[in-house]
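Here's the structure, in structure tokens; my notes come after.
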Number of protein chains: 2
Amino acid sequence: MKPYSRFSHYGELSDKDYFRIALSVDLVIFGFADGELKVLVINCNIAEYKGKLSLLGDLVKPDEDLDAAPYRILRERAGLSDVYLEQVHTFGKVDRHPAGRVITTTYISLVNCKDLTIQLSENDLHWHPVHAIKEMAFDHFAILQSCLQRLREKVEDHPVAFNLLPKKFSLREMQALYEAIFDTAFDRRNFRKKFFIKDWLEDLNELEVDVPHRPGKLYAFKKGEEALRV
Amino acid sequence: MKPYSRFSHYGELSDKDYFRIALSVDLVIFGFADGELKVLVINCNIAEYKGKLSLLGDLVKPDEDLDAAPYRILRERAGLSDVYLEQVHTFGKVDRHPAGRVITTTYISLVNCKDLTIQLSENDLHWHPVHAIKEMAFDHFAILQSCLQRLREKVEDHPVAFNLLPKKFSLREMQALYEAIFDTAFDRRNFRKKFFIKDWLEDLNELEVDVPHRPGKLYAFKKGEEALRV
DNA sequence: CCAAAAGTGTTTTCGTTACACCCATGC
DNA sequence: GCATGGGTGTAACGAAAACACTTTTGG
């Protein structure tokens, strides 16, 4: 290592002492289906947490940028690319991981459930309703709660919830999504008004098809409103 | 290491490959003096960034919790304890640090300048006006900007700016602080009204002394409004 | 008495909420 | 024609912004 004096303990302790940490990322991947906010989870197969839900995560590779890891995991484990990602928090207690000193950086991802190209199974990777989860393996329940909180703050002011919907969607779907995120019902007229004022939507001049009622107009997210990437 | 199957690359790569990262923290320590928002910085002594400003930071010790490191640095390097800290973002590009794979977690700290018990000097540790800084060493300018942004969002809704003031303060000082943070002037009557509605203040029934004008009332932060710690 | 800042209310504007009726489509 | 959701406007309310004069103290 090059000599480097910004840090106070150089000289006292060697490389061996400091360069011994592993870095992981844990992903809170939100989706929207059946009128519910979902999170992509796996059933934990560690003895200590047998049967509990766990987030998708992996170690960051030695030659991989931190922000690249969540994209790789989404690609490898869920077959997803071009997704919304946002870093939320880094957890670094010495004893937080059974395998050694592993610090983990958590990310929120917002995806359209239908884009998943990996086969789901009840025991491995699957979507679980967020509001039904009361406990998880490791510290993942706390991570989920803080990410849900962050999601709520984010979608109030930033046009990111679109990532949870198909490219074309009706205002009813949009409202159902917001109601799922906030676990509350909203007034339809006020919701539409507030949403149009934000000017995030492009009117496609198309109508829903195959709905058993009067079809609603379809909209798309106005591109360029917000960067998609971390 | 215990066998651990949540991560995908176990078996392919050994401990040596993964447990080789160092973790540092960088602190954006805000203060308020002379009507200006300041940040505690050091002059960089690395050849590449000679003369540029750098944030206070250090490696996290092998047996130290991530959240404990910023407290230690504040204690050791600035003689400060019992301070407000908030984690902001983790930077982890492979090549972000000249000394090897070092990822860094950034924290905001809010302190009362007068509480510093360490001797300051122009070339080493010193307060620098935030709004006068146009560049810094490493990626520290970007870090400062994102922390300033976070500070602005935070003080709108949360009673944390008090940490930048003495225990007793006048509303004029409070307003001057907010004006320094947002780099904008506010209407005095509206500022007071909004502030009283928030109900963060305790009226001490005391007046300023030694001011060359009509003394204002002194207030203190109502304890219990918000947790102080990370 | 002058300078400097403290203290104080009202009006206007704007965004938010609450609320009800007719319309288009599928069955 | 009935069920389902689509689409629309207005009144009341509350928060935020604009705005000026009198008071208190020190010098």
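Letters A, B, ... are given to chains in the order of the sequence lines, protein chains preceding strands, and every chain is numbered from 1.
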N-O pairing of A:K194 and A:D187 below 4.0 Å: no

Measure CZ/A:F186 against C1'/C:dA18 and give the value in whole Å, please. 15 Å

Pair A:F162 + A:F169: ring centers closer than 6.0 Å: yes

Where do A:I73 and A:G57 come nearest, in terms of heavy atoms and distance? CD1-C, 4.2 Å

Using atom CG of A:N205 as one end and atom P of D:dG7 as the other, report the distance to the nearest whole Å. 12 Å

Quick one: do B:D139 and B:K93 make a salt bridge, cutoff under 4.0 Å? no

So, does A:Y178 use its side chain to make a donor-acceptor pair with the main chain of A:A161 at under 3.5 Å? no

All N/O pairs under 3.5 Å across the protein-nucleotides 3-5 of chain C interface:
unit_1, atom_1, unit_2, atom_2, d
C:dA5, O3', B:R172, NE, 3.2

Nearest-Å distance, CD1 (B:I197) to P (D:dA15)? 7 Å

Whole-Å distance between C:dG7 C1' and B:Q175 CD? 13 Å

Short N/O separations, protein against nucleotides 9-14 of chain D, under 3.5 angstrom:
unit_1, atom_1, unit_2, atom_2, d
D:dT10, O4, A:K193, NZ, 2.9

Sole candidate of B:Y219, B:F221, B:F195 that passes ring-ring contact (aromatic ring centres under 6.0 Å, His included) when paired with B:W200: B:F195

Nearest-Å distance, CZ (B:F195) to C1' (D:dA15)? 17 Å

Donor + acceptor pair across side chains of B:Q149, B:Q145 (<3.5 Å): no

Determine yes or no for a side-chain-to-main-chain donor-acceptor pair under 3.5 angstrom, with A:S170 supplying the side chain and A:G216 the backbone. no

Which whole-number value in Å describes the distance from B:F191 CZ to D:dC19 C1'? 18 Å

A:E173 has an atom CD; how far is it from atom C1' of D:dG5, in whole Å? 13 Å

For the aromatic rings, using the six-membered ring if either is Trp, is the centroid distance between B:H140 and B:Y49 under 6.0 Å? no

Would you mind reading off the distance between B:D157 atom CG and D:dA16 atom C1', rounded to a whole angstrom? 15 Å

